[in-house]
Enquirer: 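This structure is in structure tokens; I'll ask about it shortly.
Side chains included, hydrogens not; waters and symmetry mates left out as well; all remaining heavy atoms used. Sequence lines set the chain letters: A, B, ... in the order given, protein chains first and strands last, and positions in each chain run from 1.
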Protein chains: 2
Amino acid sequence: MRATAQRSGGGRPTVLDVATMARVSTGTVSNVLNRPALVALQTRERVERAILAPGFVPNRAARTLVTGLTATVGFVVEDLENSFFLDIARGAQTYGEAVGTRLLLANSDNTAVTQRGYLRLLGTEHVSGMLVAPVRGTLDDLRQFRAPGRCVVVVNHDAGGDFCNVTTDNERGGYLAARHLLERGRRRLAFAGGEGIAPVVHDRLRGVVRAVREANGASTLEILPSADVEVEDGRRLGVAIAARPPEARPDGIVGAADLLAMGLVQALETEGVGVPAEIAITGYDDNRAAWNSRVPLTTVDQMGEVVGEHAVRLLLSEIDEGVGHIHRHVVIEPALIPAGQHRALASGAPRPSG
Amino acid sequence: MRATAQRSGGGRPTVLDVATMARVSTGTVSNVLNRPALVALQTRERVERAILAPGFVPNRAARTLVTGLTATVGFVVEDLENSFFLDIARGAQTYGEAVGTRLLLANSDNTAVTQRGYLRLLGTEHVSGMLVAPVRGTLDDLRQFRAPGRCVVVVNHDAGGDFCNVTTDNERGGYLAARHLLERGRRRLAFAGGEGIAPVVHDRLRGVVRAVREANGASTLEILPSADVEVEDGRRLGVAIAARPPEARPDGIVGAADLLAMGLVQALETEGVGVPAEIAITGYDDNRAAWNSRVPLTTVDQMGEVVGEHAVRLLLSEIDEGVGHIHRHVVIEPALIPAGQHRALASGAPRPSG
DNA sequence: CTGAAAGCGCTAACAC
DNA sequence: GTGTTAGCGCTTTCAG
């Protein structure tokens with residue numbers, strides 16, 4: 001017996017039990033289960049009673065065996081620690097529930113080999129398709145892994161023509177953030193992040209550039225390059241900015257991500273620069289890890305739950321359509337979240353258990 | 001065809017295909033798959049070649065159908081947003097992988113009804129057992145749900161005698177935190193959190209009390225009650241403390257949780273009280289959401305990954321032992337993490353994707 | 001050591 | 001409308 005094994009439960013009732021109890025055949029039981037319309041009301045009720053009484057639950061393995069169908073999709077997540085992906089998972093789960101699909105979560109932990117392991121695991125046996133938020137630079141893995149009958153929808157990456165994918169409009173998000181600052185009278189904008197970090201960051205910057213350009217010279221734009229978009233990157237930039245003479249500082253900064261923005265705020269405050277009085281700062285992510293910042297941050301919500309829902313949608317239609325399927329890309333609109341107005345969490349009251 | 005459906009893949013090779021290709025019977029193929037020792041080396045190699053060639057993968061549904069075994073356990077998590085639980089999940093996953101068990105993650109989102117839904121979902125069909133980090137006050141649900149052949153291991157709660165469970169030693173954690181402060185010369189300790197919040201908090205307080213008692217009058221202890229252990233609770237306390245005359249302030253505070261401690265630090269600093277110069281503060285959790293605090297926090301690591309591993313261990317033995325099983329409780333020792341020395345994450349480089 | 005054959009529990013034709 | 005029946009792909013006796 002494998003260490004992981006378990007008897008499916010000695011005497012669990014089967015269709016046959018239900019059938020004899022209801023004095024019908026197994027076929028009829030199967031029909032009330034799957035196509036109740038075909039069964040006369042009277043017998044149906046009898047069967048339903050015979051189902052409820054002993055708490056009959058159809059054996060999914062048997063059903064899968066005969067139908068070749070699974071009601072489960074997998075979601076291989078680049079990094080579950082990032083609240084954006086958790087939001088996506090939640091959205092996928094909620095939508096999936098509504099249409100009778102389970103969601104199997106797997107955490108790649110930002111590691112290509114872990115991701116590959118899960119792809120194989122899920123792909124070969126468990127699921128009828130998968131969502132993947134791929135670890136950076138692993139698109140080829142996905143391509144290679146895919147096969148007829150193993151659909152993959154890519155999340156948060158533009159995967160070119162040969163995958164369905166759902167992304168968020170980072171250009172628009174950057175634009176929204178910059179507009180927010182411009183509308184509040186800021187005229188010396190900066191973008192903190194540097195363009196080489198990741199495509200999404202580059203897109204956010206493009207949006208900022210557009211907003212500034214539309215301001216028709218009313219505002220300038222400076223780029224503050226950083227190595228990454230973590231807290232320390234922000235702190236480093238903040239120190240550098242504080243060291244400048246006040247006139248040489250920007251008065252509004254679009255941070256490429258919340259953590260970076262958070263670091264910026266921390267450093268500026270420590271150095272005695274007022275936020276947002278002297279410099280207003282926006283983030284990007286609505287990252288839970290930044291919710292606890294002392295100075296609440298204006299940020300851009302990437303609508304993770306919506307992303308998740310659409311990803312499942314795409315996956316299910318790809319599965320349904322089969323070979324004739326044509327890949328679609330859906331792009332989700334982000335939304336600006338003014339400081340302190342985080343969207344409500346789907347969860348109940350927080351708990352001090354951790 | 002159900003929306004979630006998928007043909008299992010038209011012409012995937014079966015044991016029969018492999019058997020004919022290797023010129024043996026299906027029984028032999030099955031043997032090389034499951035009990036290779038029984039098969040003559042020569043035939044085994046022939047069969048193995050016939051398996052590899054067309055990329056044969058055994059159909060799990062069929063196997064489950066005949067054996068009644070599943071290689072999957074579920075983990076119903078109170079709140080995946082809390083990095084402690086994510087650590088537990090990671091530990092469970094890693095250990096499970098090593099012994100050939102998959103981990104199905106489900107997020108209760110702190111909601112009793114969601115949790116109940118997943119219990120039913122997983123319990124009835126998918127898994128051979130489950131880990132549950134229960135939403136507060138739902139132990140009865142668990143009890144009621146359980147049945148022969150549906151093992152449940154409770155995580156992070158003391159579930160009394162009728163469950164296996166794994167918890168962390170909160171009393172010891174509180175003790176460690178208090179000792180840390182005492183050893184650094186603090187003599188007017190306080191515990192921020194209040195005892196009524198949750199059993200775990202109460203236990204942490206007990207540990208603090210013990211440490212202070214052991215100091216034999218060298219230190220006093222004050223309790224700073226709060227409604228919860230979130231950032232705002234900490235801020236509120238911080239403001240209150242800063243308002244006192246300096247001599248009336250504690251010089252060391254054990255926070256009941258990292259977020260609370262973080263709020264404390266923020267408020268004290270804002271009010272001009274030096275941390276840790278005037279007041280040293282410890283947290284509890286090693287919560288990722290507090291890693292970005294401007295002042296790094298000494299905290300207590302609850303060893304989530306270890307918890308996860310042991311939980312899976314317990315579950316698998318409960319499954320194996322069957323009816324004769326006697327419930328066990330395992331308690332994990334926490335570890336003090338001096339400020340800024342967070343344990344290394346299992347993950348690779350962070351990504352700016354979110 | 002290997003082959004033959006009997007199901008696991010369910011669904012889907014196809015009869016009636 | 002309902003009953004009968006033939007498998008889905010695999011494992012596992014039981015003979016040989």
Enquirer: Would B/His327 and B/His325 count as a close aromatic pair, with their ring centres under 6.0 Å?
Expert: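 Between B/His327 and B/His325, the centre distance is under 6.0 Å.
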Enquirer: Without decimals, in angstroms, what is the distance between A/Arg44 CZ and D/dT2 P?
Expert: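 Nearest whole value for this atom pair: 10 Å.
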Enquirer: Going by atom types alone, do B/Thr94 and B/Glu305 pair a side-chain donor with an acceptor below 3.5 Å?
Expert: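 No, no side-chain donor-acceptor contact under 3.5 Å.
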Enquirer: Take the protein atom CD of A/Glu45 and the nucleotide atom C1' of D/dG1, then report the distance between them rounded to whole Å.
Expert: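 Answer to the nearest Å: 15 Å.
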Enquirer: Between the side chain of A/Thr111 and the main-chain N/O of A/Asp109, is any donor-acceptor distance below 3.5 Å?
Expert: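 Yes; at least one donor-acceptor contact below 3.5 Å.
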Enquirer: Are the side chains of B/Val39 and B/Val47 in touch, meaning some heavy atoms are under 4.5 Å apart?
Expert: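 B/Val39 does not reach B/Val47 side chain to side chain.
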Enquirer: If the cut-off is 4.0 Å, is B/Thr64 near the phosphate of C/dC8, judged by side-chain N/O to OP1 or OP2?
Expert: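 For C/dC8, neither OP1 nor OP2 has a side-chain N or O of B/Thr64 closer than 4.0 Å.
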Enquirer: Step by step, would you call B/Phe56 with B/Arg12 a side chain to side chain contact (heavy atoms under 4.5 Å, CB included)?
Expert: CA-CA 7 Å; B/Phe56 164 77; B/Arg12 277 212 333 214; over 6 Å; no
Enquirer: Given atom CG of A/Asp17 and atom C1' of C/dC8, what is their separation to the nearest angstrom?
Expert: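 Distance, rounded to whole Å: 14 Å.
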Enquirer: Between atom CD1 in B/Ile51 and atom P in D/dG9, what is the gap in whole Å?
Expert: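 Going from B/Ile51 (CD1) to D/dG9 (P), I get 16 Å.
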Enquirer: Has B/His329 got a side-chain atom pairing as donor or acceptor with B/Ala159's backbone, closer than 3.5 angstrom?
Expert: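 Checking the backbone N and O of B/Ala159 against the side chain of B/His329, no donor-acceptor pair under 3.5 Å is found.
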Enquirer: How many whole angstroms separate atom CZ of B/Arg46 from atom C1' of C/dC1?
Expert: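 Distance check: B/Arg46 CZ to C/dC1 C1' gives 12 Å.
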Enquirer: Using Watson-Crick and G-U wobble pairs whose two distances are both under 3.5 Å, how do you write the pairing of DNA chain C as dot-bracket, with | for links to another strand?
Expert: ||||||||||||||||
Enquirer: Considering every strand and a 4.0 Å limit on heavy-atom distances, what is the contact class for A/Arg23: base, sugar-phosphate, or nothing?
Expert: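 Sugar-phosphate contact only - A/Arg23 comes under 4.0 Å of backbone atoms but never of a base.
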Enquirer: If we only count heavy atoms from C-beta on, is the B/Val29 to B/Val24 side-chain gap below 4.5 Å?
Expert: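 In short, these two side chains touch, coming nearer than 4.5 Å.
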Enquirer: Reading nucleotides 10-16 of chain D 5' to 3', which nucleotides get B (base under 4.0 Å from a protein heavy atom), which S (sugar-phosphate only), which -?
Expert: BBB----
Enquirer: Tell me if a side-chain donor or acceptor on A/Gln115 pairs with a main-chain N or O of A/Val135 at a distance below 3.5 Å.
Expert: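 Here the side-chain-to-backbone pair exists.
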Enquirer: Report the C-alpha distance between A/Phe163 and A/Val153 in whole Å, list the side-chain angles of each, state the deciding distance to 0.1 Å, and finish with yes or no for side chain to side chain contact (heavy atoms under 4.5 Å, CB included).
Expert: CA-CA 6 Å; A/Phe163 285 98; A/Val153 169; over 6 Å; no
Enquirer: Expressed as a whole number of angstroms, how long is the span from A/Leu65:CG to C/dC8:P?
Expert: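 Computing the A/Leu65:CG to C/dC8:P distance gives 13 Å.
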